[in-house]
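To start, the structure under review is shown below, and the notes come after it.
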Amino acid sequence: MSTQFPDDFKCPISLEIMSDPVILSSGHTFDRVSIQRWLDSGHRTCPITKLPLPEHPCLIPNHALRSLISNYTLVSPSKSQPCSQPQTLVSALTSPSSPIGTKLDSLTHLAGLTKRDSSLRRKLTESGAVPAVLKFVDSEDPVLQEKALSLLLNLSLDDDNKVGLVAEGAVNRVVKILRVGSPDCRAIAATIITSLAVVEVNKATIGAYPDAIPALVRLLIAGKGREKKEAATALYAICSFTDNRRRAIDCGAVPILINLLDLGLERAIEVLGLLVKCKEGREEMMKVNGCVKVLVKVLKNGSSRGVQYGLYTLNCLCNYSESFCFEARKQGVLGICMGLVEEENEKIQRYLSNLVQTLSGNHAIG
């Protein structure tokens with residue numbers, strides 16, 4: 001089964017498809033279980049570069065890659081049709097005289113082939129096929145549009161393609177889909193934003209598009225389950241760039257994210273954990289009635305990662321506002337913290353210690 005996936009989805013250690021990809025300080029991505037086993041064995045070098053690592057290496061979740069892997073099968077084209085040579089498919093796709101049915105078949109086959117073949121993804125972008133793919137992303141035919149988006153998502157998997165796709169105008173088309181596409185197309189479009197944002201320079205470029213962040217925020221409101229999750233993932237990817245945090249806050253993302261978090265979308269706490277880093281984000285969070293209760297719910301019921309971000313967000317807010325600190329104590333946060341002392345996660349322990357100190361000392365910087 002794993003041979004049907006792109007090599008980028010496989011852990012360099014286990015050679016299996018990654019379920020929880022994390023980035024080591026060397027810049028390489030591994031499945032969490034595999035790299036943790038490597039570290040637990042006493043190794044303090046990167047398995048690939050052999051460069052030394054810190055005594056307590058930090059494992060940064062690769063949300064973009066995890067999202068792409070999870071959506072891989074959801075954009076899988078039909079396997080019932082015979083496969084043509086890639087060059088023939090590209091020619092049919094780009095030829096003005098090709099019938100629409102032939103172009104659709106070409107998109108379908110190319111989407112399937114490019115999922116498995118990174119060299120074909122590069123060849124396809126070099127062949128000048130990207131403008132044709134983007135033209136079909138603009139199509140009013142929802143079937144053509146979805147196949148074109150699936151192909152565009154696959155092309156975006158390679159880091160070497162990401163900047164070029166943005167330069168070709170991919171973001172403008174994808175943002176339009178976020179606004180007016182079908183539910184499936186909107187979910188794929190949000191995933192493409194996540195993929196393109198893996199490259200640092202693209203975060204600023206995407207955020208600068210007038211309707212990019214507003215479209216993602218609207219999707220948080222109007223989208224269905226998968227759309228909301230992919231929109232939150234995309235916001236997390238681009239909001240590591242400071243200016244984009246303020247743009248998201250200005251679009252009203254904070255109360256929407258808190259409401260979604262209350263409804264069980266844990267990805268929302270990760271975005272809030274970025275927005276709380278700026279003053280505007282903290283002020284918006286303090287305006288939301290019941291914010292403390294929602295964050296407390298995360299500490300009680302969240303995953304390890306959710307608890308980590310919940311602790312961090314609470315500590316930032318308690319440090320900023322004495323009244324918020326008082327409310328957190330009133331909601332029993334100190335007692336909840338005492339129940340988390342056995343957690344082995346290094347970040348949870350650090351954030352837990354910081355929050356306990358803040359609540360005990362009642363420090364406020366606001």
Side-chain angles (χ1 to χ4, degrees), residues 61 63 66-67 70 175 178-181 183 186-187 189-191 193-194 207 211-240 244-318 320-321 323-328 330-333 336 351 355 366:
H63 287 291
R66 183 171 64 182
S67 181
S70 68
V175 169
L178 289 174
R179 292 189 287 109
V180 300
R186 289 199 298 262
T191 308
I193 294 291
T194 301
D211 207 31
I213 291 177
L216 288 170
V217 173
R218 283 195 295 270
L219 199 55
L220 291 176
I221 302 171
K224 300 187 180 181
R226 182 183 164 211
E227 297 165 80
K228 291 178 188 292
K229 181 179 178 181
E230 295 307 326
T233 302
L235 281 172
Y236 180 86
I238 62 178
C239 283
S240 61
N244 289 341
R245 296 171 195 164
R246 296 187 178 90
R247 291 175 175 132
I249 293 162
D250 290 343
C251 289
V254 167
I256 297 166
L257 287 164
I258 292 175
N259 180 58
L260 288 174
L261 181 59
D262 193 28
L263 294 174
L265 182 65
E266 192 174 80
R267 186 61 51 81
I269 187 60
E270 299 175 19
V271 187
L272 290 169
L274 292 177
L275 302 186
V276 78
K277 294 182 178 183
C278 61
K279 179 181 178 181
E280 297 88 344
R282 295 190 291 271
E283 291 178 346
E284 287 300 310
M285 289 178 206
M286 289 190 299
K287 293 177 185 177
V288 178
N289 290 330
C291 179
V292 177
K293 288 184 179 180
V294 175
L295 294 176
V296 165
K297 185 192 294 188
V298 174
L299 298 189
K300 288 180 176 179
N301 306 318
S303 67
S304 177
R305 183 162 178 80
V307 170
Q308 172 188 315
Y309 274 90
L311 290 168
Y312 178 82
T313 303
L314 265 170
N315 187 51
C316 288
L317 292 168
C318 289
Y320 186 70
S321 166
S323 62
F324 200 94
C325 192
F326 175 81
E327 180 64 22
K330 184 179 175 182
Q331 292 291 333
V333 172
I336 296 170
Y351 296 151
L355 180 56

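Everything numeric in this text was worked out from a predicted model, so none of it was measured.
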- Derivation of the side-chain hydrogen bond (donor to acceptor under 3.5 Å, both in side chains) call for Glu230 and Thr194: CA-CA 8 Å; Glu230 295 307 326; Thr194 301; 5.1 Å; no
- Query: Can you name the nearest heavy-atom pair linking Arg305 to Pro61, along with the distance?
  - Reply: NH1-CG, 2.7 Å
- Item | Shortest non-hydrogen contact from Ala253 toward Val217 | CB-CG2, 4.0 Å
- Considering non-hydrogen atoms only, spot the tightest contact between Gly281 and Val254 and give its length. O-CG2, 4.4 Å
- Would a distance-only check, ignoring hydrogens and angles, find a side-chain to backbone donor-acceptor pair under 3.5 Å from Asp262 to Val294? no
- Which pair of heavy atoms, one from Gly207 and one from Ile213, lies closest together, and at what distance? CA-CD1, 4.2 Å
- NZ (Lys228) and CG (Leu219) are apart, to the nearest 0.5 Å, by 8.0 Å
- Could you list the residues that satisfy salt bridge (charged side-chain N to carboxylate O under 4.0 Å, His left out) with Glu284, not counting sequence neighbours? Lys287
- Give, for atom NZ of Lys229 and atom CG of Leu220, the distance between the pair rounded to the nearest 0.5 Å. 14.0 Å
- About how many Å separate SG of Cys278 and CD of Glu283, when rounded to the nearest 0.5 Å? 9.5 Å
- Should Arg245 and Glu280 be marked as a side-chain contact (heavy atoms from CB on, under 4.5 Å) after you check the CA-CA gap, both sets of side-chain angles, and the distance that decides it? CA-CA 9 Å; Arg245 296 171 195 164; Glu280 297 88 344; over 6 Å; no
- Item | Rounded distance (nearest 0.5 Å) linking atom CZ of Arg282 with atom CD1 of Ile249 | 9.5 Å
- Donor + acceptor pair across side chains of Tyr309, Glu266 (<3.5 Å): no
- Message: Restricting to non-hydrogen atoms, name the atom on Gly310 and the atom on Ile269 that form the minimum distance, rounded to 0.1 Å.
- Response: N-CG1, 3.8 Å
- Is the shortest heavy-atom distance from the side chain of Tyr351 to the side chain of Asn315 under 4.5 Å? no
- Item | Shortest non-hydrogen contact between Arg186 and Gly181, atoms and distance | NH1-O, 2.6 Å
- Output, in order, the C-alpha distance, side-chain angles, deciding distance and verdict of side-chain contact (heavy atoms from CB on, under 4.5 Å) for Gln331 and Ile336. CA-CA 9 Å; Gln331 292 291 333; Ile336 296 170; over 6 Å; no
- Item | Test item: Tyr312 and Val276 side chains (from C-beta on) under 4.5 Å apart, heavy atoms | yes
- Message: Would you compute the distance between atom CD1 of Ile258 and atom OG1 of Thr313 and round it to the nearest 0.5 angstrom?
- Response: 9.5 Å
- Message: Applying side-chain contact (heavy atoms from CB on, under 4.5 Å) to Cys291 and Phe324, what does each step give before you reach the verdict?
- Response: CA-CA 9 Å; Cys291 179; Phe324 200 94; 4.2 Å; yes
- Item | Contact check, side chains of Ile238 and Leu216, non-hydrogen atoms, under 4.5 Å | yes
- May I ask you to say whether Arg218 pairs ionically with Asp211, meaning some side-chain N is under 4.0 Å from a carboxylate O? yes
- Query: Would a distance-only check, ignoring hydrogens and angles, find a side-chain to backbone donor-acceptor pair under 3.5 Å from Thr191 to Ala187?
  - Reply: yes
- Message: Determine whether Val333 and Leu295 satisfy the following criterion, side-chain contact (heavy atoms from CB on, under 4.5 Å), listing intermediate values before the conclusion.
- Response: CA-CA 10 Å; Val333 172; Leu295 294 176; over 6 Å; no
- Task: Mind checking the CG-CE spacing from Leu257 to Met285? Nearest 0.5 Å is all I need.
- Result: 8.0 Å
- Message: Pair Glu227, Lys224 - check salt bridge (charged side-chain N to carboxylate O under 4.0 Å, His left out), show working.
- Response: CA-CA 5 Å; Glu227 297 165 80; Lys224 300 187 180 181; 5.9 Å; no
